[in-house]
Amino acid sequence: MIPILQIEALSVGFLNSGAMNQAVDQVSLRLAPSECVGIVGESGSGKTQMFMAAMGLLAKNAVARGSVRFEGQEILAQKSALRRVRGSKLAMIFQDPLTSLTPHLKIGVQLAEVLVHHNGVSWHEARYIALRMLDQVQIPEPKRRLHEYPHELSGGMRQRVMIAMSLLCRPSLLIADEPTTALDVTVQAQIIELLRAVREEFAMGLVLISHDLAVVGGLAQRILVMYAGRIVESAPAEELFRHPRHPYTAALLKCIPSVFSAPRTRLPSLAGQPPRIGEKLDACAFAPRCPRAAERCRRERPQLQVAAAGEFACHYPEEL
Amino acid sequence: MRRMRANSAAVMALYLMAAIFVLALLAPWFNPNSADTLDWAHAAARPGMQGAHWFGTDRLGRDLFVRTLAGTRMSIVIGLAASFISLAVGVSYGAVAGYVGGRADQVMMRMVEILSGLPLVFFVIFLTVMFGRSEYLLFFSIGAVGWLTMARIVRGQTLSIRKREFIEAAVASGAGTPRIIAKHVIPNVVGPVVVYATLMVPQIILFESFLSFLGLGIQEPGASLGTLVAEGVGEMETAPWILVIPGGVLAVLLLCLNLFGDGLRDALDVKEA
Amino acid sequence: MIRYFFLRLAAAVPTLLMIVTATFFLMHAAPGGPFDQEQVLAPEIQANLQRSYGLDLPIWSQYGRYLASLRHGDFGPSFKYKDFTVTELIAQGFPVTFTLGVIAILLALGIGIPLGTLAALHHNTSLDHATMSLAVLGIAVPTFVVLPFLGLLFGVYLHWLPVAGWEARSIRHLALPVIALALPPLAYIARLTRGSMLEIMGAHFIRTAFAKGLPASTVILRHALRPALMPVASYLVPAVASIMTGSLVVESIAGLPGIGRYLVQGALNRDYTLVLGMVIIYSTLLISLGLLVDLLYAWLDPRVRR
């Protein structure tokens with residue numbers, strides 16, 4: 001079976017006044033059709049830039065190397081192939097739905113233009129399809145919304161519009177970059193629920209990027225943990241929650257509030273700062289913050305190794 | 001400063017500007033002619049070595065080299081003096097509005113807004129008409145209308161530093177408002193003020209030469225670059241150098257001042273409020 | 001929004017009245033009168049003249065009489081051009097000035113906006129640098145230097161275009177004045193557009209538009225251009241004011257029979273009614289333009305409508 005998305009040795013760097021800052025470092029991953037994968041990591045871990053590179057949305061000063069294949073077709077090197085699928089078969093939604101929608105265009109126009117461009121339907125027809133899609137993502141009074149501007153909608157409603165927009169051409173893969181981070185807690189749950197529903201309905205793949213393991217945990221079948229531009233652990237969601245192997249994953253898990261933890265206790269947060277990516281190649285990037293770090297970790301960089309259920313990159317993993 | 005040096009256009013502009021300044025100051029020692037001597041033997045002479053009229057003479061035989069540099073000196077003096085007035089008025093007004101805040105700020109800035117909505121020329125025309133034409137009045141009235149932008153910039157800067165620790169410390173130590181504004185607020189807004197002051201000088205020189213061109217500024221036999229260009233326009237078909245020389249100097253001077261100001265702004269990374 | 005617009009419209013009348021009042025009293029407070037500079041007149045004749053124009057009356061009743069005549073749309077007789085009323089003088093020259101100004105502002109917008117957009121899209125290339133150098137030139141060099149230099153080049157040396165003069169409906173006579181007049185606002189608009197376009201192209205909604213797979217031309221024209229034009233809209237009133245002041249010198253250099261000369265001459269001659277008429281015309285134009293810009297804002301950014 002051809003993977004829906006296959007990333008090989010992808011590196012992304014940013015040129016800043018002559019110096020190259022590496023953001024993604026030789027990452028590879030495969031996604032099966034209609035698989036739901038969660039990507040977790042702190043801000044700056046490269047999780048977003050990896051998919052920005054796949055979508056061809058990197059900043060002008062960025063350099064991407066490696067290969068990205070979508071449904072078997074190279075899209076990183078071949079911009080024409082990317083142009084054919086971007087926004088139709090391969091869709092992406094973003095963190096802040098207010099700033100991500102064009103402020104001066106009506107919702108109806110912003111939805112319909114996708115169909116007009118990709119499917120060549122008339123504006124009239126496109127608006128009709130858009131209307132039905134708004135209904136499908138459970139926006140109340142969808143007819144009225146078509147004539148409203150983004151600022152007239154609530155935060156949750158805007159993210160629903162973003163989702164509707166991404167679904168118009170029936171994508172086979174949706175990349176959701178922190179789709180709930182800018183929203184209220186109650187709305188967050190609704191949006192996750194909506195994503196779950198539309199994924200099943202459209203039988204599409206879903207990449208859910210978040211800094212929060214809890215957000216990803218409820219939806220993803222497999223979870224990838226990224227640190228300093230690399231994947232440090234990858235495992236089926238259940239396995240990862242039950243038996244984290246990488247100390248970083250273990251530390252992230254301790255940060256999740258649980259209904260069982262005493263209400264007054266402070267949540268532990270991770271001490272220290274993530275390293276400037278690309279600083280040292282001959283050490284484990286997590287070593288300075290790692291409770292389990294030993295001399296070897298500062299000398300030799302751990303490679304991803306296959307474990308029973310997944311992969312991890314650590315010399316001294318947590319025991320099973 | 002390193003970034004300033006990297007901007008070659010701004011550096012060139014600075015050198016050229018310095019050369020014009022020095023020439024304008026030293027002109028009387030350079031050339032045997034004086035600005036208002038009438039050399040009838042060489043009236044409307046072409047540029048050349050004839051009678052040491054390097055840039056030629058005007059219709060009345062006055063030496064254009066000396067006259068242009070005298071005009072340049074006048075333009076620079078008025079530009080600097082009027083900028084200084086704008087600076088003083090604008091900085092104090094903006095600092096007070098920004099620091100005092102509240103209703104006073106609203107009223108003061110509303111006034112600035114109304115005034116900046118009026119075309120300046122009309123205002124200055126009325127002032128010159130009312131009080132007759134004099135150089136002092138000229139730079140005073142230009143300076144008085146140039147302070148608006150400065151006031152706006154200083155107010156914005158003041159608002160942003162008002163809440164900082166060192167201001168609060170000064171308040172806590174019992175310093176009065178005027179003292180805090182003078183000792184703590186104004187010194188801390190110097191960066192952007194310098195940048196906008198350098199950008200204001202060419203605007204004011206442009207404005208002064210515009211008025212002089214219209215006959216509302218410097219009067220004969222005095223010369224500013226504006227009056228010289230006005231003279232030259234009348235002769236442009238028969239003696240184009242009378243136009244081209246002062247016009248060219250004015251254009252180069254303003255261009256250099258603008259390039260230098262832009263370079264300074266980019267180097268110090270100042271954003272408009 | 002509509003209510004706001006009508007409120008602004010209603011506020012325009014007292015604003016105009018204030019401007020007229022201030023101008024009226026400033027003019028009359030200035031030393032000298034309209035008949036001072038003429039050949040020395042016998043005191044009786046001077047007094048007669050004063051009386052026939054109502055200048056012997058107390059200033060308040062002169063003001064009242066002026067406002068009363070304004071109510072009928074009458075700007076009164078000119079003191080200097082004795083055979084003409086102010087309305088006639090303005091009606092003669094206005095079409096020339098208006099044509100000149102409208103073409104200049106359209107040129108400034110029509111070239112400045114695309115130029116600024118192109119510079120932003122080719123940020124840090126030679127096209128960008130060339131455009132911005134040209135913009136500094138346009139901003140720095142005064143109109144009254146540009147126009148004679150253009151005249152010298154295209155008129156005196158190349159003989160392509162007339163240096164000065166006016167013929168009705170002659171584009172050749174308007175070309176140089178219009179270019180000189182349009183240059184500073186054009187340069188400024190190009191600069192403003194470039195700056196805001198650079199900022200907008202980094203906005204999240206532009207990223208979304210690209211993620212939707214839209215072609216770059218659609219992204220720029222439909223999504224980026226309108227918000228990028230906000231600063232240009234704010235600059236419209238100052239731009240027109242600068243064209244108005246520019247037309248004062250352009251008309252005198254090119255010998256165009258517009259109304260520009262009346263303002264300065266009128267003020268110098270203490271031609272009270274002529275100056276007031278000019279001030280009213282210019283203020284009305286600027287105030288209505290300000291109202292138009294408010295509507296423009298609402299179109300550019302729907303968040304302004306409320």
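The structure presented is a predicted model; accordingly, all values stated were derived computationally and were not measured.
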So, are C:Arg194 and C:Glu199 salt-bridged, with charged N and O less than 4.0 Å apart? no
Is B:Leu255 in contact with chain C via its backbone, its side chain, both, or neither, using a 4.5 Å heavy-atom distance? both
Under a 4.5 Å heavy-atom cut-off, does chain B meet the side chain of C:Ser242, its backbone, both or neither? neither
Table please: side-chain donor-acceptor pairs of residues 281-290 of chain C below 3.5 Å, with sequence neighbours left out.
residue	atom	partner	partner atom	Å
C:Ser283	OG	C:Val279	O	2.5
C:Thr284	OG1	C:Ile280	O	2.5
C:Ser288	OG	C:Thr284	O	2.3

Could you check C:Tyr63 against C:Phe25 for ring pair (Phe, Tyr, Trp, His ring centres under 6.0 Å), going step by step and ending with a plain yes or no? CA-CA 8 Å; C:Tyr63 176 65; C:Phe25 287 102; 5.1 Å; yes
Between chain C and each of B:Val244, B:Val252, B:Leu257, count heavy-atom pairs under 4.5 Å; write down the option with the most. B:Val244
The criterion is salt bridge (Lys or Arg N to Asp or Glu O under 4.0 Å); which residues satisfy it with B:Asp262, sequence neighbours excluded? B:Arg265, C:Arg191
